[in-house]
Number of protein chains: 2
Amino acid sequence: MDDSGRGAGSDAGSRRKDARRNRQTLLEAAATVFVASGVEAPVRDIAAEAGVGMGTIYRHFPTRADLVIAVYRHQVDACAEAGPVLLAAGPTPHAALGRWVDHFVDFLVTKHGLASALQNDNAGFETLHAYFLDRLVPVCAQLLAAATAAGEIRTDLDALHLMHGIGNLCIGADTDPHYDARRLVALLIAGLRQPC
Amino acid sequence: MDDSGRGAGSDAGSRRKDARRNRQTLLEAAATVFVASGVEAPVRDIAAEAGVGMGTIYRHFPTRADLVIAVYRHQVDACAEAGPVLLAAGPTPHAALGRWVDHFVDFLVTKHGLASALQNDNAGFETLHAYFLDRLVPVCAQLLAAATAAGEIRTDLDALHLMHGIGNLCIGADTDPHYDARRLVALLIAGLRQPC
DNA sequence: TGCAAAGCGGAACGCTGTTCCGTATTGTTA
DNA sequence: TAACAATACGGAACAGCGTTCCGCTTTGCA
């Protein structure tokens with residue numbers, strides 16, 4: 001095993017305030033740039049978006065792959081935490097589901113880029129995919145259950161299959177600019193509605 | 001359509017002798033380097049192997065992808081032409097099949113690298129894959145038929161499935177140096193033998 | 001045999017990811 | 001509060017890649 005701490009970033013609990021803040025800023029800037037320009041975006045672009053020097057980025061994430069992995073985990077966590085929040089905030093569970101799926105779609109861009117970031121590391125990819133499932137399937141299931149309990153949606157689709165379908169709809173979204181994955185996903189969610 | 005002449009090389013029928021010779025030299029050198037170092041090998045290495053300058057390589061193949069494609073087609077052609085020759089030369093059809101498959105395995109390295117060379121061009125990839133099937137399936141079928149007629153091998157495997165199986169055995173051969181695809185493929189061919 | 005046209009070699013360019021180091025910021029200690 | 005290590009920062013510099021450019025050589029034809 002040579003990938004100790006892979007994907008965790010080196011200094012998640014640093015003593016210095018600016019270091020902690022920069023790490024957070026970088027994760028968010030990278031996520032933004034990945035969605036806007038794809039996961040192949042140059043490291044310099046991410047540093048610029050974050051308003052930070054190259055040294056800073058490499059201090060926090062020793063390698064480009066480390067950054068992609070850290071963004072991925074960060075997005076998984078953010079997406080998982082967003083579920084209950086949206087559910088509490090939204091007018092209805094179905095609306096909350098719709099907005100949660102928007103987060104999910106943005107984040108899939110990063111996930112699809114993982115494959116190229118971890119070209120030879122199938123084991124690492126499997127680990128991260130497992131983390132993805134462990135954290136997000138329950139959240140999605142919770143949203144589905146709430147919408148079901150409210151009588152808003154049909155009940156013949158479980159969280160795993162829904163997420164799988166959304167994931168498939170997003171394949172190729174980064175290469176073909178005419179392909180609007182979000183619209184198709186929105187249709188899919190609309191189609192979940194219980195016919196009344 | 002923006003890929004006019006993609007994969008054909010620019011000057012296959014040049015007026016000048018040295019140009020034609022260099023083109024051939026380059027195709028062979030590239031094939032050698034791809035087998036030795038993988039398809040990600042730097043263009044400079046191929047120029048060095050061919051004993052040629054950078055300008056020459058880019059005169060013949062305007063882009064790295066063009067070179068990979070040209071090598072691919074060249075290998076498909078060479079492999080297709082080798083079939084009948086080996087069949088005529090070898091002691092038995094089964095031996096000829098074994099040696100043909102050796103060619104085929106070397107050439108698969110290039111084929112697997114095509115995917116990364118043509119990252120976004122799925123249409124181009126499909127075209128080249130169709131060319132691959134059109135030219136090689138009949139040759140493989142001819143070798144199988146000859147071996148069958150000679151009573152050397154079992155008859156329950158057609159050319160397409162055999163080639164598919166060999167292709168699958170070679171997946172990952174370029175990343176894991178401990179994985180010896182050729183040995184496994186040899187076992188597969190040995191297994192074709194008719195139990196006597 | 002001369003000479004334009006075609007082709008060649010390899011230095012130079014622009015773009016990557018990554019490293020390095022002088023400078024600025026921070027938390028701690030007197 | 002003032003001084004001072006320790007820590008982190010910025011961005012220039014480096015190495016390796018694909019690609020371009022241009023002075024020189026080779027070729028085939030008149």
Side-chain angles (χ1 to χ4, degrees), chain A residues 3 6-7 9-30 33-34 37-71 113-114 116-121, chain B residues 2-3 6-7 9-27 29-30 33-34 37-71 113-114 116-121:
Chain A
D3 52 2
R6 199 72 183 290
S10 45
D11 52 359
S14 164
R15 288 300 138 93
R16 277 176 59 162
K17 200 186 352 175
D18 55 349
R20 280 195 305 272
R21 184 165 40 77
N22 269 328
R23 186 173 198 280
Q24 205 65 16
T25 305
L26 274 171
L27 287 174
E28 283 153 19
V33 172
F34 286 168
S37 320
V39 212
E40 313 289 350
V43 179
R44 280 167 180 75
D45 290 2
I46 295 162
E49 169 78 26
V52 138
M54 298 296 299
T56 302
I57 227 173
Y58 276 91
R59 167 169 304 278
H60 287 286
F61 310 101
T63 257
R64 197 184 187 292
D66 291 322
L67 174 60
V68 175
I69 291 167
V71 170
L114 262 188
S116 44
L118 295 169
Q119 282 200 309
N120 302 332
D121 189 355
Chain B
D2 59 344
D3 51 3
R6 199 71 182 291
S10 44
D11 52 0
S14 166
R15 290 299 139 98
R16 277 176 59 162
K17 198 183 2 173
D18 56 348
R20 281 196 304 273
R21 185 165 39 76
N22 269 327
R23 186 173 198 280
Q24 205 65 15
T25 305
L26 274 171
L27 287 173
V33 172
F34 287 167
S37 322
V39 211
E40 313 289 350
V43 179
R44 280 166 179 77
D45 290 2
I46 295 163
E49 169 77 27
V52 136
M54 298 295 298
T56 302
I57 228 173
Y58 275 91
R59 167 171 303 279
H60 287 286
F61 310 100
T63 257
R64 199 186 185 293
D66 291 321
L67 174 60
V68 176
I69 291 166
V71 170
L114 263 187
S116 43
L118 297 169
Q119 283 202 309
N120 303 331
D121 188 357

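Throughout, a chain's letter reflects where its sequence line sits, starting with A, and its residues are numbered from 1. Being a predicted model, the structure only gives us computed values, none of them experimental. Note: hydrogens, waters and symmetry copies are ignored here, and every other heavy atom, side chains too, is used.
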Using a cut-off of strictly less than 4.0 Å, decide whether [X] has a side-chain nitrogen or oxygen near OP1 or OP2 of [N].
{"X": "B:T63", "N": "D:dT19", "result": "yes"}
{"X": "A:H60", "N": "D:dC9", "result": "yes"}
{"X": "B:N22", "N": "C:dC8", "result": "yes"}

request  = Report, as a single string ordered 5' to 3', how protein heavy atoms within less than 4.0 Å touch nucleotides 23-30 of chain C: B base, S sugar-phosphate only, - not at all.
outcome  = --BSS---
From D:dC17, D:dA8, C:dT18, nucleotide with atom closest to A:R44 side chain = C:dT18
inquiry  = Of the listed nucleotides (D:dC17, C:dC8, D:dC9), which one gets closest to any side-chain atom of A:A19?
reply    = D:dC9
request  = Please step through side chain to side chain contact (heavy atoms under 4.5 Å, CB included) for the pair A:K17 and A:R20, ending with a clear verdict.
outcome  = CA-CA 5 Å; A:K17 200 186 352 175; A:R20 280 195 305 272; 4.1 Å; yes
query = Can you find a pair of side-chain heavy atoms, one from A:I46 and one from A:F34, that are under 4.5 Å apart?
reply = yes
ask   = Can you find a heavy atom in the side chain of A:V43 that is under 4.5 Å from one in the side chain of A:Y58?
value = yes
inquiry  = Within residues 49-58 of chain A, which residues have any heavy atom lying less than 4.0 Å from an atom of DNA chain C?
reply    = A:M54, A:G55, A:Y58
Atom pair distance, as rounded to whole Å: [atom1] in [X] and [atom2] in [N]:
{"X": "A:R59", "N": "D:dC9", "atom1": "CZ", "atom2": "C1'", "value": "8 Å"}
{"X": "B:D66", "N": "D:dG18", "atom1": "CG", "atom2": "C1'", "value": "13 Å"}
{"X": "B:R23", "N": "C:dA6", "atom1": "CZ", "atom2": "C1'", "value": "16 Å"}
{"X": "B:F61", "N": "C:dC8", "atom1": "CZ", "atom2": "C1'", "value": "15 Å"}

request  = Kindly say whether A:R21 contributes a backbone atom to a donor-acceptor pair with the side chain of A:T25 at under 3.5 angstrom?
outcome  = yes
Any residue meeting side-chain hydrogen bond (donor to acceptor under 3.5 Å, both in side chains) with [X], in chain and number order, not counting sequence neighbours:
{"X": "A:Q24", "answer": "A:H74"}
{"X": "B:R16", "answer": "B:D18"}
{"X": "A:D45", "answer": "none"}

note = Shortest non-hydrogen pair, B:A29 vs B:E49, comes out as CB-CG, 3.5 Å
inquiry  = Tell me every residue that passes salt bridge (charged side-chain N to carboxylate O under 4.0 Å, His left out) with B:R44, counting only those two or more places apart in sequence or in another chain.
reply    = none
